[in-house]
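To start, the structure itself, in C-alpha cells.
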Amino acid sequence: MRIVFATNNQHKLEEIRQILGDNIEVLSLGDIGCHVDIPETGTTLEANALQKAQYIYDHYHMDCFADDTGLEVEALHGAPGVYSARYAGGEGHDSEANMTKLLHELANYNNRKARFRTVIALIQQGEVKEFEGIVNGEITHERSGAAGFGYDPIFRPDGYDKTFAELGNDIKNHISHRARATQKLADYLLK
C-alpha cells in the first residue's frame, strides 16, 4: 500500500516511516512533487490536519494523511496548543525560541503538567477518518538531551525520569503521541 504523508518535516517523516514499517510505503510531499507550503489556518489541531490532507487529496488525487501536534500545558490553559510550532512568533519553527518562551512563562508555576496531542486526518478514497494520540507528562525546568526535535528536551513523559530528547527515538517512537495516533492509523489501514 502507498500513501502520502502531507509533511515537509523530515523528522516527522522518519518517525512515521519507522512506526509504520515495511507494510505501508509512505510518500513525502517531495516524492509526489509537491513543494507548496500548505496553509495551516485552522484554530484546532483537527482543522489543520484535515486542511493539509484535503489539499493533497484535491490537488494530487492520492490517498493521504496529515497530522498536527500541539503541546498543551495545564497551567497555561492549554497553550501553546495549535500554535506550538510558532509559539515564539516569527516565520519558521524556531524550537529554541519556543522552549525559551515556554520555560520563561512557566518560571513561577509549580504545576508543570502538560500533554502532547497529535491528530491525524486520513483521506482514503474520499472518506475522512481521524485518529488521536496523547501522551501526558510535565515540562522540566531546563533542557536536557539531544535527540528528537521541537519541545523534546523539556518534555518528560509520565512514568519516565528522562525527557523525550534523552530517551532517544527508539523509545520515543513507541510511547509518543504521534506513535499512538500512528498505531491507530496503521491498525485501520492494515485491517
Verdict with supporting geometry, Lys113 and Glu72, salt bridge (charged side-chain N to carboxylate O under 4.0 Å, His left out): CA-CA 9 Å; Lys113 289 182 184 175; Glu72 300 171 343; over 6 Å; no
Salt bridge (charged side-chain N to carboxylate O under 4.0 Å, His left out) between Arg17 and Asp31, worked out: CA-CA 14 Å; Arg17 283 178 172 160; Asp31 291 336; 3.2 Å; yes
Evaluation steps, side-chain contact (heavy atoms from CB on, under 4.5 Å), between Val36 and His59: CA-CA 11 Å; Val36 176; His59 289 83; over 6 Å; no
Stepwise side-chain contact (heavy atoms from CB on, under 4.5 Å) check, Leu13 with Gln10: CA-CA 5 Å; Leu13 189 61; Gln10 279 304 119; 3.7 Å; yes
Evaluation steps, side-chain contact (heavy atoms from CB on, under 4.5 Å), between Thr100 and Arg143: CA-CA 9 Å; Thr100 297; Arg143 294 167 178 81; 2.7 Å; yes
Test log, rule side-chain contact (heavy atoms from CB on, under 4.5 Å), inputs Tyr87 and Glu105: CA-CA 12 Å; Tyr87 191 47; Glu105 289 185 350; 2.2 Å; yes
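For the pair Lys184 and Phe131, the NZ or CZ position fails the cation-pi test of under 6.0 Å to the six-membered ring centre and within 45 degrees of the ring normal.
Neither side chain, Gln183 nor Tyr188, offers a donor N or O lying under 3.5 Å from an acceptor on the other.
Within the 4.5 Å cutoff, the side chain of Ser144 has no heavy atoms near those of the Lys162 side chain. Residues Leu29 and His35 are not in side-chain contact: their nearest non-hydrogen atoms beyond the backbone lie 4.5 Å or more apart. The shortest distance between side-chain heavy atoms of Glu74 and Arg112 does not fall below 4.5 Å.
Distance CZ/Phe116 to NZ/Lys172: 7.0 Å, rounded to 0.5 Å. One finds the OG1 atom of Thr7 at 9.0 Å from the CD1 atom of Ile16 (value rounded to the nearest 0.5 Å). Rounding to the nearest 0.5 Å places CD1 of Ile120 at 10.5 Å from CD of Glu130. Distance check: Phe65 CZ to Leu122 CG gives 8.0 Å after rounding to the nearest 0.5 Å. Taking CD from Glu25 and CE from Met1, the interatomic distance works out to 11.5 Å, rounded to the nearest 0.5 Å. Between atom CG of residue Leu106 and atom NZ of residue Lys101 there is a gap of 11.5 Å, rounded to the nearest 0.5 Å.
Neither Ile134 nor Ile175 shares a network with the other; the hydrophobic side chains, linked directly or stepwise wherever heavy atoms of I, L, V, M, F, W or Y lie under 4.5 Å apart, form separate groups for each. Linking ILVMFWY side-chain heavy atoms closer than 4.5 Å, directly or via other members, places Met99 and Val73 in a single hydrophobic cluster. Linking ILVMFWY residues whenever their side-chain heavy atoms come closer than 4.5 Å, directly or via other members, places Ile3 and Phe5 in the same cluster. A chain of hydrophobic side-chain contacts below 4.5 Å, direct or via other Ile, Leu, Val, Met, Phe, Trp or Tyr residues, connects Leu76 to Tyr151. Hydrophobic clustering (side-chain heavy atoms under 4.5 Å, transitive across Ile, Leu, Val, Met, Phe, Trp, Tyr) keeps Phe155 apart from Phe149.
For the pair Leu71 and Leu102, the tightest heavy-atom approach, listed with the atom from each and the gap, is CD2-CD2, 3.6 Å. Between Pro157 and Leu167, the closest heavy-atom pair is CG-CD1, 3.8 Å. Between Val82 and Thr43, the shortest heavy-atom distance links the atoms CG1-O, 3.7 Å. Counting all heavy atoms, side chain and backbone alike, Cys64 lies closest to Ala53 at SG-O, 3.2 Å. The shortest non-hydrogen separation linking Ile32 to Leu27 is CG2-CD1, 4.1 Å. Between Cys34 and Tyr55, the shortest heavy-atom distance links the atoms SG-CE2, 4.4 Å.
Remark: Asp170 CG is loosely packed, at most 12 non-hydrogen atoms of other residues, nucleotides or ligands lying under 6.0 Å away.
When atom types are taken as modelled, the side chain of Thr118 and the backbone of Thr69 share no donor-acceptor pair closer than 3.5 angstrom. A donor-acceptor contact shorter than 3.5 Å is absent between the side chain of Arg2 and the backbone of Val26. In terms of modelled atom types and a separation under 3.5 Å, the side chain of Lys52 and the main chain of Asp67 share a donor-acceptor contact. Of the possible polar contacts, one joining the Asp63 side chain to the Gln125 backbone as a donor-acceptor pair under 3.5 Å is found. The backbone N or O of Ser84 sits less than 3.5 Å from a side-chain atom of Asn98, completing a donor-acceptor pair. The main-chain N or O of Asn173 is never found under 3.5 Å from a side-chain atom of Ser176 such that the two would form a donor-acceptor pair. Arg115 places no side-chain N or O within 3.5 Å of a backbone atom of Gly137 that could act as its donor or acceptor partner. In this structure a side-chain-to-backbone donor-acceptor pair under 3.5 Å is present from Asn48 to Gly42.
For Glu127, the side-chain hydrogen bond (donor to acceptor under 3.5 Å, both in side chains) partners are Lys129, not counting sequence neighbours. In this structure, the side-chain hydrogen bond (donor to acceptor under 3.5 Å, both in side chains) partners of Asp58, at least two apart in sequence or on a different chain, are Gln54.
Contact check on Arg156 versus Asp161 returns no salt bridge, with no Lys/Arg side-chain nitrogen under 4.0 Å from an Asp/Glu carboxylate oxygen.
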